[in-house]
Amino acid sequence: MSYRYLGNKTRLVDWIVGKISHVLPEGSSVADPMCGTASVSLALARAGYSVTAADALTFPVVHARTRLLAKEPPSFKALGGYEKALEWMRSAAPMEGYFFREFGETGKPANGRPPRLYFSASNAAHIDGIRVGIRELCEGAAITEVEHSILLHHLILAINKVANISGTFGYFRRDISGPALKPLTFEPVTFERTKGHHTVLQGNVEHLASKLDTDAVYLDPPYTKRQYAGNYHILETIACGDEPVAAGDGGLRPWRDQASSFCYRRSAGRAFRETLEQLRVPHVFISYSEDGQVQASELLSILCDFGSVTVHEQPHTRYRSNGGGKKGPVVERLYHLEVS
(Lines give C-alpha, C1' and ligand atoms only; values in the text may rest on other atoms or scores of the structure.)
Protein backbone atom coordinates (compact mmCIF):
# COMPACT_ATOMS: atom_id res chain seq x y z
CA MET A 1 0.00 0.00 0.00
CA SER A 2 1.57 3.26 -1.14
CA TYR A 3 1.35 6.47 0.90
CA ARG A 4 3.31 9.65 0.28
CA TYR A 5 2.49 11.38 3.53
CA LEU A 6 4.35 13.63 5.95
CA GLY A 7 4.97 11.89 9.26
CA ASN A 8 3.61 8.53 8.10
CA LYS A 9 4.39 6.06 10.90
CA THR A 10 4.34 2.86 8.83
CA ARG A 11 7.98 2.10 9.62
CA LEU A 12 7.51 2.79 13.31
CA VAL A 13 4.22 1.05 14.04
CA ASP A 14 5.71 -2.15 15.47
CA TRP A 15 7.83 -0.14 17.89
CA ILE A 16 4.94 2.16 18.86
CA VAL A 17 2.38 -0.60 19.38
CA GLY A 18 4.98 -2.73 21.17
CA LYS A 19 5.52 0.02 23.75
CA ILE A 20 1.78 0.58 24.15
CA SER A 21 1.18 -3.15 24.64
CA HIS A 22 3.56 -3.13 27.61
CA VAL A 23 1.07 -0.82 29.34
CA LEU A 24 -2.36 -1.74 27.98
CA PRO A 25 -3.67 -5.32 27.98
CA GLU A 26 -5.20 -6.76 24.84
CA GLY A 27 -8.88 -5.88 24.60
CA SER A 28 -8.40 -2.33 25.86
CA SER A 29 -9.66 0.66 23.89
CA VAL A 30 -7.42 3.25 22.27
CA ALA A 31 -8.28 6.46 20.44
CA ASP A 32 -6.13 7.70 17.56
CA PRO A 33 -7.65 11.14 16.90
CA MET A 34 -4.96 12.33 14.47
CA CYS A 35 -4.90 9.13 12.47
CA GLY A 36 -3.48 10.22 9.08
CA THR A 37 -3.15 7.11 6.95
CA ALA A 38 -4.55 5.00 9.83
CA SER A 39 -1.37 2.89 9.87
CA VAL A 40 -1.13 3.03 13.67
CA SER A 41 -4.88 2.57 14.04
CA LEU A 42 -4.72 -0.61 12.00
CA ALA A 43 -1.69 -1.88 13.91
CA LEU A 44 -3.52 -1.29 17.19
CA ALA A 45 -6.54 -3.16 15.83
CA ARG A 46 -4.30 -6.06 14.79
CA ALA A 47 -2.92 -6.15 18.33
CA GLY A 48 -6.40 -6.75 19.72
CA TYR A 49 -7.45 -3.24 20.73
CA SER A 50 -10.75 -1.54 20.01
CA VAL A 51 -9.83 1.60 18.11
CA THR A 52 -11.51 4.97 17.72
CA ALA A 53 -9.83 6.70 14.78
CA ALA A 54 -10.42 10.29 13.74
CA ASP A 55 -8.89 13.18 11.86
CA ALA A 56 -9.69 16.79 11.02
CA LEU A 57 -9.31 16.12 7.29
CA THR A 58 -11.62 13.98 5.20
CA PHE A 59 -9.18 11.77 3.29
CA PRO A 60 -7.66 10.23 6.46
CA VAL A 61 -11.20 9.38 7.56
CA VAL A 62 -11.66 7.59 4.22
CA HIS A 63 -8.51 5.55 4.90
CA ALA A 64 -9.62 4.76 8.46
CA ARG A 65 -13.10 3.58 7.44
CA THR A 66 -11.55 1.30 4.83
CA ARG A 67 -8.84 -0.13 7.05
CA LEU A 68 -10.85 -0.52 10.26
CA LEU A 69 -14.54 -0.89 9.41
CA ALA A 70 -14.33 -3.07 6.31
CA LYS A 71 -13.40 -6.42 7.86
CA GLU A 72 -14.25 -8.30 4.68
CA PRO A 73 -14.84 -7.30 1.05
CA PRO A 74 -18.18 -5.45 0.95
CA SER A 75 -20.88 -6.80 -1.33
CA PHE A 76 -20.96 -3.84 -3.74
CA LYS A 77 -24.32 -5.13 -4.98
CA ALA A 78 -24.73 -2.25 -7.42
CA LEU A 79 -21.44 -3.13 -9.13
CA GLY A 80 -21.53 -6.93 -8.88
CA GLY A 81 -19.01 -7.41 -6.06
CA TYR A 82 -15.66 -6.04 -4.92
CA GLU A 83 -13.61 -7.29 -7.88
CA LYS A 84 -16.23 -5.92 -10.27
CA ALA A 85 -16.05 -2.58 -8.46
CA LEU A 86 -12.32 -2.43 -9.18
CA GLU A 87 -12.95 -3.32 -12.79
CA TRP A 88 -15.55 -0.55 -12.93
CA MET A 89 -12.91 1.91 -11.72
CA ARG A 90 -10.39 0.67 -14.29
CA SER A 91 -12.84 1.02 -17.16
CA ALA A 92 -14.57 4.27 -16.17
CA ALA A 93 -15.05 6.49 -19.22
CA PRO A 94 -12.70 9.51 -19.22
CA MET A 95 -14.23 12.96 -18.92
CA GLU A 96 -12.74 16.42 -19.35
CA GLY A 97 -14.02 17.81 -16.07
CA TYR A 98 -12.69 19.58 -12.99
CA PHE A 99 -9.44 17.58 -12.58
CA PHE A 100 -8.72 17.71 -16.30
CA ARG A 101 -9.16 21.48 -16.28
CA GLU A 102 -7.44 22.37 -13.03
CA PHE A 103 -4.74 19.70 -12.56
CA GLY A 104 -4.10 18.07 -15.95
CA GLU A 105 -1.15 18.79 -18.22
CA THR A 106 -3.37 20.19 -21.01
CA GLY A 107 -5.92 21.84 -18.75
CA LYS A 108 -7.05 25.45 -18.63
CA PRO A 109 -7.32 26.55 -14.99
CA ALA A 110 -10.26 28.82 -14.24
CA ASN A 111 -7.96 31.53 -12.84
CA GLY A 112 -6.08 31.81 -16.12
CA ARG A 113 -2.84 30.29 -14.87
CA PRO A 114 -0.80 27.91 -17.05
CA PRO A 115 -1.68 24.21 -16.87
CA ARG A 116 -0.85 22.59 -13.55
CA LEU A 117 1.16 19.46 -14.28
CA TYR A 118 -0.05 17.28 -11.42
CA PHE A 119 -1.35 14.60 -13.80
CA SER A 120 -1.11 13.51 -17.40
CA ALA A 121 -4.12 14.49 -19.49
CA SER A 122 -5.31 10.87 -19.69
CA ASN A 123 -5.04 10.28 -15.95
CA ALA A 124 -6.78 13.57 -15.13
CA ALA A 125 -9.68 12.63 -17.42
CA HIS A 126 -9.83 9.12 -15.90
CA ILE A 127 -10.00 10.66 -12.41
CA ASP A 128 -12.89 12.88 -13.53
CA GLY A 129 -14.76 9.90 -14.95
CA ILE A 130 -14.41 7.94 -11.73
CA ARG A 131 -15.43 10.92 -9.59
CA VAL A 132 -18.61 11.44 -11.59
CA GLY A 133 -19.41 7.74 -11.37
CA ILE A 134 -18.91 7.66 -7.60
CA ARG A 135 -21.09 10.75 -7.21
CA GLU A 136 -23.89 9.12 -9.19
CA LEU A 137 -23.67 5.94 -7.11
CA CYS A 138 -23.96 8.01 -3.91
CA GLU A 139 -26.84 10.11 -5.20
CA GLY A 140 -28.69 6.95 -6.13
CA ALA A 141 -28.02 5.39 -2.70
CA ALA A 142 -26.46 2.46 -4.54
CA ILE A 143 -23.46 2.10 -2.20
CA THR A 144 -23.00 2.19 1.57
CA GLU A 145 -20.81 4.69 3.43
CA VAL A 146 -18.05 2.10 3.81
CA GLU A 147 -18.27 1.11 0.12
CA HIS A 148 -18.04 4.80 -0.78
CA SER A 149 -14.91 5.12 1.35
CA ILE A 150 -13.35 2.03 -0.23
CA LEU A 151 -13.79 3.45 -3.74
CA LEU A 152 -12.24 6.75 -2.64
CA HIS A 153 -9.45 4.89 -0.82
CA HIS A 154 -8.57 3.06 -4.04
CA LEU A 155 -8.67 6.28 -6.06
CA ILE A 156 -6.35 8.02 -3.59
CA LEU A 157 -3.89 5.12 -3.67
CA ALA A 158 -3.95 5.10 -7.47
CA ILE A 159 -3.41 8.87 -7.62
CA ASN A 160 -0.47 8.65 -5.22
CA LYS A 161 1.34 6.33 -7.62
CA VAL A 162 1.05 8.58 -10.68
CA ALA A 163 1.02 12.11 -9.25
CA ASN A 164 3.71 14.30 -10.83
CA ILE A 165 5.05 15.56 -7.50
CA SER A 166 8.28 15.48 -5.52
CA GLY A 167 6.77 14.57 -2.18
CA THR A 168 3.61 16.36 -1.13
CA PHE A 169 0.86 17.85 -3.30
CA GLY A 170 1.93 21.40 -2.47
CA TYR A 171 3.21 21.81 -6.02
CA PHE A 172 3.98 19.80 -9.16
CA ARG A 173 7.13 18.94 -11.09
CA ARG A 174 8.22 21.08 -14.00
CA ASP A 175 7.76 18.30 -16.58
CA ILE A 176 5.53 15.24 -16.85
CA SER A 177 7.76 12.18 -16.72
CA GLY A 178 8.41 8.81 -15.10
CA PRO A 179 5.56 7.31 -13.04
CA ALA A 180 3.26 10.19 -13.99
CA LEU A 181 3.08 8.79 -17.54
CA LYS A 182 1.75 5.44 -16.33
CA PRO A 183 -2.02 4.82 -16.18
CA LEU A 184 -4.02 4.63 -12.97
CA THR A 185 -4.04 1.13 -11.48
CA PHE A 186 -6.51 -0.40 -9.04
CA GLU A 187 -5.33 -3.48 -7.17
CA PRO A 188 -7.25 -5.36 -4.46
CA VAL A 189 -6.48 -4.53 -0.84
CA THR A 190 -6.58 -6.97 2.06
CA PHE A 191 -9.50 -6.61 4.45
CA GLU A 192 -8.67 -7.72 7.97
CA ARG A 193 -11.10 -9.19 10.47
CA THR A 194 -9.57 -7.64 13.57
CA LYS A 195 -11.01 -8.50 16.99
CA GLY A 196 -12.07 -5.14 18.35
CA HIS A 197 -15.07 -2.90 17.88
CA HIS A 198 -13.93 0.14 15.94
CA THR A 199 -15.30 3.63 15.41
CA VAL A 200 -14.31 6.33 12.92
CA LEU A 201 -15.03 10.02 13.54
CA GLN A 202 -14.12 13.32 11.93
CA GLY A 203 -13.10 16.52 13.71
CA ASN A 204 -10.20 18.47 15.19
CA VAL A 205 -8.55 16.81 18.16
CA GLU A 206 -9.26 19.95 20.19
CA HIS A 207 -13.00 19.40 19.61
CA LEU A 208 -13.00 15.63 20.07
CA ALA A 209 -10.67 15.29 23.07
CA SER A 210 -13.32 15.72 25.78
CA LYS A 211 -15.59 13.16 24.08
CA LEU A 212 -13.07 10.32 23.88
CA ASP A 213 -14.11 7.55 26.27
CA THR A 214 -11.25 5.08 25.93
CA ASP A 215 -8.55 3.49 28.07
CA ALA A 216 -5.86 5.47 26.27
CA VAL A 217 -5.31 8.10 23.61
CA TYR A 218 -2.50 8.00 21.08
CA LEU A 219 -1.60 11.45 19.72
CA ASP A 220 0.43 11.88 16.54
CA PRO A 221 0.34 15.64 15.89
CA PRO A 222 1.99 17.43 12.97
CA TYR A 223 5.55 18.39 13.83
CA THR A 224 6.57 20.60 10.90
CA LYS A 225 5.32 24.00 9.75
CA ARG A 226 3.81 22.46 6.60
CA GLN A 227 0.03 22.33 6.88
CA TYR A 228 -1.47 19.01 5.86
CA ALA A 229 -4.64 20.66 4.53
CA GLY A 230 -2.60 22.65 2.01
CA ASN A 231 0.00 20.04 1.16
CA TYR A 232 -2.61 17.35 0.50
CA HIS A 233 -5.32 19.54 -1.05
CA ILE A 234 -5.82 17.20 -4.02
CA LEU A 235 -6.42 14.16 -1.81
CA GLU A 236 -8.88 16.19 0.27
CA THR A 237 -10.75 17.19 -2.89
CA ILE A 238 -10.94 13.54 -3.94
CA ALA A 239 -12.31 12.56 -0.53
CA CYS A 240 -14.80 15.44 -0.38
CA GLY A 241 -15.98 14.90 -3.96
CA ASP A 242 -16.33 18.64 -4.49
CA GLU A 243 -14.95 21.21 -6.94
CA PRO A 244 -13.52 24.04 -4.85
CA VAL A 245 -11.87 27.15 -6.25
CA ALA A 246 -8.32 26.15 -7.20
CA ALA A 247 -6.24 29.13 -6.09
CA GLY A 248 -2.84 30.36 -7.23
CA ASP A 249 -0.25 28.54 -9.30
CA GLY A 250 -0.57 25.36 -7.20
CA GLY A 251 -4.37 25.21 -7.32
CA LEU A 252 -4.84 24.84 -3.57
CA ARG A 253 -8.38 24.51 -2.22
CA PRO A 254 -9.39 26.82 0.65
CA TRP A 255 -7.63 25.27 3.63
CA ARG A 256 -6.98 27.85 6.34
CA ASP A 257 -10.07 26.86 8.33
CA GLN A 258 -8.45 23.42 8.66
CA ALA A 259 -5.03 24.74 9.70
CA SER A 260 -3.50 22.99 12.70
CA SER A 261 -2.11 24.95 15.65
CA PHE A 262 0.46 22.17 16.06
CA CYS A 263 2.23 23.38 12.90
CA TYR A 264 3.19 26.77 14.33
CA ARG A 265 6.02 27.17 16.81
CA ARG A 266 4.18 29.99 18.55
CA SER A 267 1.07 27.89 19.21
CA ALA A 268 2.13 24.21 19.23
CA GLY A 269 2.95 24.10 22.95
CA ARG A 270 -0.38 25.68 23.81
CA ALA A 271 -2.16 23.20 21.52
CA PHE A 272 -0.59 20.30 23.43
CA ARG A 273 -1.64 21.77 26.78
CA GLU A 274 -5.20 22.56 25.70
CA THR A 275 -5.66 19.07 24.27
CA LEU A 276 -4.35 17.40 27.42
CA GLU A 277 -6.61 19.54 29.59
CA GLN A 278 -9.65 18.16 27.79
CA LEU A 279 -8.71 14.48 27.78
CA ARG A 280 -10.32 12.26 30.42
CA VAL A 281 -8.28 9.09 30.00
CA PRO A 282 -5.71 7.39 32.28
CA HIS A 283 -3.03 6.98 29.61
CA VAL A 284 -1.81 9.25 26.83
CA PHE A 285 0.86 8.24 24.30
CA ILE A 286 2.41 10.93 22.11
CA SER A 287 4.61 10.23 19.10
CA TYR A 288 6.76 13.25 18.29
CA SER A 289 9.92 13.90 16.29
CA GLU A 290 13.02 15.66 17.56
CA ASP A 291 12.47 17.98 14.55
CA GLY A 292 9.14 19.09 15.98
CA GLN A 293 8.00 22.64 16.64
CA VAL A 294 8.07 21.98 20.39
CA GLN A 295 11.45 21.21 21.91
CA ALA A 296 11.75 17.99 23.93
CA SER A 297 12.37 19.86 27.19
CA GLU A 298 9.28 22.03 26.72
CA LEU A 299 7.04 19.10 25.82
CA LEU A 300 8.30 17.11 28.80
CA SER A 301 7.61 20.07 31.08
CA ILE A 302 4.03 20.34 29.76
CA LEU A 303 3.38 16.62 30.17
CA CYS A 304 4.76 16.54 33.73
CA ASP A 305 2.03 18.98 34.76
CA PHE A 306 -0.51 16.22 34.09
CA GLY A 307 1.17 13.14 35.60
CA SER A 308 4.20 10.86 35.40
CA VAL A 309 6.03 10.58 32.08
CA THR A 310 8.15 7.88 30.48
CA VAL A 311 10.04 8.62 27.26
CA HIS A 312 11.12 6.05 24.66
CA GLU A 313 13.38 6.89 21.72
CA GLN A 314 13.80 5.32 18.30
CA PRO A 315 16.10 6.58 15.51
CA HIS A 316 14.74 6.26 11.97
CA THR A 317 15.00 7.78 8.50
CA ARG A 318 14.13 11.46 8.29
CA TYR A 319 11.30 12.32 5.87
CA ARG A 320 12.60 14.46 2.98
CA SER A 321 9.82 15.26 0.51
CA ASN A 322 11.97 16.61 -2.33
CA GLY A 323 15.53 15.59 -1.52
CA GLY A 324 16.17 18.77 0.43
CA GLY A 325 16.30 19.53 4.14
CA LYS A 326 18.33 17.86 6.85
CA LYS A 327 20.16 14.62 6.16
CA GLY A 328 20.75 11.62 8.37
CA PRO A 329 18.55 9.82 10.89
CA VAL A 330 16.07 11.51 13.18
CA VAL A 331 14.96 10.46 16.66
CA GLU A 332 11.28 9.71 17.21
CA ARG A 333 10.12 9.92 20.80
CA LEU A 334 7.13 8.12 22.26
CA TYR A 335 5.96 9.81 25.43
CA HIS A 336 3.79 7.84 27.84
CA LEU A 337 1.81 10.05 30.19
CA GLU A 338 0.14 8.28 33.10
CA VAL A 339 -2.39 10.82 34.20
CA SER A 340 -2.56 11.56 37.90
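From a predicted model like this one, the values you see are computed outputs, not experimental measurements.
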Roughly how far, to the nearest 0.5 Å, is CZ of Phe285 from CG of Leu44? 9.5 Å

Here the gap from Thr190 atom OG1 to Glu72 atom CD, rounded to the nearest 0.5 Å, amounts to 14.0 Å

By the definition ring pair (Phe, Tyr, Trp, His ring centres under 6.0 Å), identify the one residue from Phe169, Tyr118, Phe172 that meets it with His233. Tyr118

Asp305 bridged to Arg273 by N-O distance under 4.0 Å: yes

Decide salt bridge (charged side-chain N to carboxylate O under 4.0 Å, His left out) for Arg116 and Asp249; before the verdict, give the C-alpha distance in whole Å, the side-chain angles of both, and the deciding distance to 0.1 Å. CA-CA 7 Å; Arg116 302 181 179 108; Asp249 290 340; over 6 Å; no

Listed partners of Ser308 passing side chain to side chain contact (heavy atoms under 4.5 Å, CB included), at least two apart: Glu338

With the threshold set at 4.0 Å, does a side-chain nitrogen-carboxylate oxygen contact exist between Asp242 and Arg253? yes

Is the NZ or CZ atom of Arg266 both under 6.0 Å from the centre of the six-membered ring of Tyr264 and within 45° of that ring's axis? yes

Parallel, tilted or perpendicular: which describes the rings of Phe59 and Tyr232, with under 30° parallel and over 60° perpendicular? tilted

Starting at CD of Glu105, measure out to CG of Leu117 and round the result to the nearest 0.5 Å. 7.0 Å

Point-to-point distance, once rounded to the nearest 0.5 Å, from CG of Leu252 to OH of Tyr171: 10.5 Å

Residues at least two apart in sequence or cross-chain that pass ring pair (Phe, Tyr, Trp, His ring centres under 6.0 Å) with Phe100, listed by chain then number, are none

Is Lys108 salt-bridged to Glu102, going by a charged N under 4.0 Å from an acidic O? no

